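Take a look at the structure set out below.
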Amino acid sequence: MSQSYNRGLVEDFSRWKEFSAGMWAWIFHKFTGWVLIGYLFTHIAVLSTAISASQNASASELSAGTDVYSSTLTLLESTFVVRLLEVGLLAVAVFHILNGIRLLLVDLGIGLESQDKTFYASLVLTGAIVVASVPTFMAGIGGA
């Protein structure tokens with residue numbers, strides 16, 4: 001018969017202080033995965049709306065050179081909040097990729113004894129990549 005394990009109360013929010021680096025890595029990886037899935041569906045919805053609006057444009061709009069799809073993307077890229085969200089998306093994607101590589105190496109038996117260090121390294125590398133990319137994202141379309 002297996003031994004029971006006292007998991008504590010679900011409402012005991014002070015237990016987060018007991019989490020090791022491995023638990024934080026697991027939490028961040030799951031969170032970033034869900035954020036990327038949410039972004040994927042949002043991205044598809046926005047682009048499909050812009051494409052269908054572009055296909056339904058009237059002949060006068062098309063002759064005037066108004067492309068609904070391009071103007072939608074230009075409007076989104078010119079919005080500061082959207083550019084800020086793109087930086088966040090970059091951070092989420094880079095961390096998820098780096099942590100996934102770390103997990104792959106651990107599954108292959110490489111770096112088993114230094115999992116904490118590799119998790120912290122993935123956080124630092126994610127931060128460095130994001131900070132280095134901020135000027136590019138904040139410049140917007142055409143560097144303006």
Side-chain angles (χ1 to χ4, degrees), residues 5-144:
Y5 175 71
N6 182 7
R7 296 174 189 232
L9 295 174
V10 174
E11 296 84 15
D12 187 9
F13 294 111
S14 65
R15 292 185 63 207
W16 66 270
K17 297 173 191 170
E18 302 169 12
F19 289 176
S20 65
M23 180 59 100
W24 285 115
W26 181 81
I27 290 170
F28 289 165
H29 197 74
K30 294 295 178 188
F31 174 75
T32 56
W34 282 110
V35 168
L36 289 172
I37 288 172
Y39 169 75
L40 176 67
F41 287 116
T42 305
H43 182 73
I44 290 170
V46 168
L47 290 183
S48 65
T49 303
I51 289 171
S52 66
S54 181
Q55 290 173 346
N56 295 333
S58 66
S60 62
E61 289 174 332
L62 292 175
S63 64
T66 306
D67 182 14
V68 178
Y69 180 77
S70 297
S71 61
T72 301
L73 292 181
T74 303
L75 174 69
L76 288 173
E77 284 294 320
S78 65
T79 308
F80 176 76
V81 173
V82 171
R83 291 191 309 231
L84 196 61
L85 288 172
E86 284 180 339
V87 172
L89 176 65
L90 176 71
V92 165
V94 168
F95 174 77
H96 196 77
I97 290 167
L98 292 176
N99 195 50
I101 293 169
R102 184 188 74 82
L103 291 172
L104 176 66
L105 293 174
V106 167
D107 286 344
L108 293 173
I110 302 169
L112 286 172
E113 62 283 343
S114 59
Q115 289 187 55
D116 291 356
K117 292 176 188 170
T118 56
F119 167 63
Y120 295 132
S122 66
L123 285 176
V124 169
L125 191 55
T126 298
I129 290 171
V130 170
V131 167
S133 302
V134 165
T136 303
F137 278 95
M138 288 298 136
I141 294 177

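The basis for the numbers below is simple: all heavy atoms, side chains too, and nothing from hydrogens, waters or symmetry mates. The structure presented is a predicted model; accordingly, all values stated were derived computationally and were not measured.
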Which pair of heavy atoms, one from [X] and one from [Y], lies closest together, and at what distance?
X: Ala25; Y: Asn99; value: O-ND2, 3.6 Å
X: Gln115; Y: Arg102; value: O-NH1, 3.6 Å
X: Ser122; Y: Phe95; value: OG-CE1, 3.8 Å
X: Tyr120; Y: Ala21; value: OH-CB, 3.5 Å
X: Thr126; Y: Ala91; value: CG2-O, 3.6 Å
X: Arg83; Y: Phe137; value: CD-O, 3.2 Å

_Partner of Leu104 under side-chain contact (heavy atoms from CB on, under 4.5 Å), chosen from Ile101, Val106, Leu108_ =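 With Leu104 as partner, Ile101, Val106, Leu108 yield a single side-chain contact (heavy atoms from CB on, under 4.5 Å), made by Leu108.
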
Using 0.5 Å steps for rounding, measure from the [atom1] atom of [X] to the [atom2] atom of [Y].
X: Ile129; Y: Ile97; atom1: CD1; atom2: CD1; result: 9.0 Å
X: Leu112; Y: Leu105; atom1: CG; atom2: CG; result: 10.0 Å
X: Thr118; Y: Leu103; atom1: OG1; atom2: CG; result: 8.5 Å

Quick one: side chains of residues 31-46, donor-acceptor pairs under 3.5 Å with protein atoms, not counting sequence neighbours, listed by atom name and distance.
from  : atom 1 : to    : atom 2 : distance (Å)
Thr32 : OG1    : Phe28 : O      : 2.9
Thr32 : OG1    : His29 : O      : 3.0
Thr32 : OG1    : His96 : ND1    : 2.8
Tyr39 : OH     : His43 : ND1    : 3.2
Thr42 : OG1    : Gly38 : O      : 2.9

_Any heavy-atom pair between the side chains of Trp24 and Ile27 that's under 4.5 Å?_
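Result yes, sub-4.5 Å side-chain heavy-atom pair found.
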
*May I ask you to test the Leu85-Leu89 pair for a side-chain heavy-atom distance under 4.5 Å?*
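Leu85 does not reach Leu89 side chain to side chain.
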
